[in-house]
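Quick note on labels: first sequence line is chain A, next is B, and so on, each numbered from 1.
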Number of protein chains: 2
Amino acid sequence: MTSSRTGGGRREQTRQKLFVAAQQLIAEQGFSATSVDEIAERAGVAKGTVYYNFKSKNELFEELLRHGVGLLTAALREASAAHPDAPIDQLDAMIREGLAFIEQYRAFARLLLSELWRTNRAWQNTLTLLREEAVAVVRASLDAAVASGELRADLDTGLVAAAIFGMVLVVAVDWLTFQPERSLDDVHAVLSTMVRGRLAAE
Amino acid sequence: MTSSRTGGGRREQTRQKLFVAAQQLIAEQGFSATSVDEIAERAGVAKGTVYYNFKSKNELFEELLRHGVGLLTAALREASAAHPDAPIDQLDAMIREGLAFIEQYRAFARLLLSELWRTNRAWQNTLTLLREEAVAVVRASLDAAVASGELRADLDTGLVAAAIFGMVLVVAVDWLTFQPERSLDDVHAVLSTMVRGRLAAE
DNA sequence: ATTTTTGTACTGACCAGTCAGTTCAAAAGA
DNA sequence: TCTTTTGAACTGACTGGTCAGTACAAAAAT
């Protein structure tokens, strides 16, 4: 799986190990409280290697953010594409996919939640763009659902998309942190119900 | 207003100034990235004063959390009490009150969002208890709404309460960060609609 | 042969927490 | 009334330690 021409596989492996280590430590302690020495140690790598692969601690973190959000948006787009002509099912599938992603990459989700709404940090611009990208995927389905008459026409889809994105993120992290005994299906059912508008008694 | 026997008023003022300064800086930069020197400077106070009033940087932050969450839960309880026999209206009022609180104390809300789901930090226990308190207020209304038949009986009120709490927090902060031109009423309308189950077309 | 990693040592900046000393308003004493 | 004392509140220089980033020669992998 790594024997191609330029031999870049080894380096990529090292970068992955560093991503995983940084992810865990920053989710636990926060960015500033996590030292480069710690990251290197947890990744089983020398400190010099960190600086051979990344320009700085900041850049390591920014690339980690791009990498993670890239995976997430790809997963959302895929879930959405699985239901071409049923916008509401798209939303449902994206919620499920979002929950599954967060379950798999808990540390990343926690760190995203901690950093996404912070101001005045070096990576704020990067993060804002990434958020835009993810929210746009959700919004597209909402717009389609409005167009097809499945959702009320007076909805502010930008606001609702941001709300759904944030809600899924925060509820999933809360679930994994404080109520890990719940199943993904339980959590999905609640969120799906809210989005479908079936909280009220029938 | 501050001339009573022991003269404790001055100290309280200093503590308030420190709370405000710490709140702003930690919301912007995070706890670890914020130095005690910075907090003291922004509060217009010498560094020694911080340590005269608080045992440590950690304790200053923990007391700040307790103080802020105390205000929030008090506001929620009050909103809830304003509609004694209408659980759904209680929820609605709490959402509005939550949004208003966050609008007023943006910095605190951001910091809460950043720290609430972090693991392995010194103040985790404090924060978990505070979260429990706030979620319990929401849950009480949900339980009442289920009992009165206004919400479906098969709802997991604990999960839904956590979801609503988290959703309001994250949507409010997202609103103030990325779409500040919206009005509180817009945001309230979206959240209220979701909770009332009216997202779907009529 | 070239890229990548290692390990150790180093630097300069920054930072939490301490402490000896200062300020000042109010109480006690004259 | 005027002086002295008290003590809570505050100050800011200082200390011991930590950390991001650098340097580089030797080793390992490709």
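Remark: B:R106 pairs with B:E103, B:R110, B:L176 by the side chain to side chain contact (heavy atoms under 4.5 Å, CB included) rule, at least two apart or across chains. Applying the salt bridge (charged side-chain N to carboxylate O under 4.0 Å, His left out) rule to B:D186 yields no partners; only residues at least two apart in sequence or on another chain are considered. Among residues two or more places apart in sequence or in another chain, the side chain to side chain contact (heavy atoms under 4.5 Å, CB included) test is passed with B:R77 by B:T73, B:E133, B:V137. For A:E59, the salt bridge (charged side-chain N to carboxylate O under 4.0 Å, His left out) partners at least two apart in sequence or on another chain are A:K55. Not counting sequence neighbours, B:T49 has no partner by the side-chain hydrogen bond (donor to acceptor under 3.5 Å, both in side chains) test. Every residue two or more places apart in sequence or in another chain was checked for a side-chain hydrogen bond (donor to acceptor under 3.5 Å, both in side chains) with B:T14, and none qualifies.
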For residues 79-98 of chain A, tabulate all N or O donor-acceptor pairs below 3.5 Å that involve a side-chain atom, not counting sequence neighbours.
{"from": "A:S80", "atom 1": "OG", "to": "A:Q90", "atom 2": "OE1", "distance (Å)": "3.4"}
{"from": "A:D89", "atom 1": "OD1", "to": "A:R196", "atom 2": "NH2", "distance (Å)": "3.4"}
{"from": "A:Q90", "atom 1": "OE1", "to": "A:S141", "atom 2": "OG", "distance (Å)": "2.5"}
{"from": "A:Q90", "atom 1": "NE2", "to": "A:H83", "atom 2": "O", "distance (Å)": "3.0"}
{"from": "A:D92", "atom 1": "OD1", "to": "A:S192", "atom 2": "OG", "distance (Å)": "2.5"}
{"from": "A:D92", "atom 1": "OD1", "to": "A:R196", "atom 2": "NH1", "distance (Å)": "2.8"}
{"from": "A:D92", "atom 1": "OD2", "to": "A:H188", "atom 2": "NE2", "distance (Å)": "3.4"}
{"from": "A:D92", "atom 1": "OD2", "to": "A:R196", "atom 2": "NH1", "distance (Å)": "3.3"}
{"from": "A:R96", "atom 1": "NH1", "to": "A:D185", "atom 2": "OD1", "distance (Å)": "3.1"}
{"from": "A:R96", "atom 1": "NH2", "to": "A:D185", "atom 2": "OD1", "distance (Å)": "2.9"}
{"from": "A:R96", "atom 1": "NH2", "to": "A:H188", "atom 2": "ND1", "distance (Å)": "3.3"}

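Between A:R15 atom CZ and C:dT5 atom C1' the separation is 15 Å, expressed in whole Å. Atoms NZ (B:K17) and C1' (D:dC10) sit 11 Å apart, rounded to a whole Å. Atom CZ of A:R10 and atom P of D:dT30 are 6 Å apart (whole Å). Distance A:F61 CZ to D:dA20 P: 14 Å, rounded to the nearest Å.
Comparing D:dG12, C:dG7, C:dT5 by their nearest atom to the side chain of A:T14 picks out C:dT5. Counting only heavy atoms from C-beta on, A:K47 has its side chain closest to D:dA20 among D:dA20, D:dA13, D:dT11.
Contact check of residues 51-58 of chain A against DNA chain C (heavy atom, cut-off under 4.0 Å) returns A:Y52, A:N53. Looking at residues 19-41 of chain A, you'll see A:T34, A:S35, A:V36 sit with a heavy atom under 4.0 Å from some atom of DNA chain D.
OP1 or OP2 of D:dA9 has not a single side-chain nitrogen or oxygen of B:T49 nearer than 4.0 Å.
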Would A:E63 and A:R66 count as a salt bridge (Lys or Arg N to Asp or Glu O under 4.0 Å) here? Give the steps.
CA-CA 5 Å; A:E63 287 196 33; A:R66 267 192 285 269; 5.4 Å; no
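Nucleic acid contact for B:V50: none, since no nucleic acid atom lies under 4.0 Å from a heavy atom of the residue.
In this structure the side chain of B:V170 never reaches within 4.5 angstrom of the side chain of A:L169, judged on heavy atoms.
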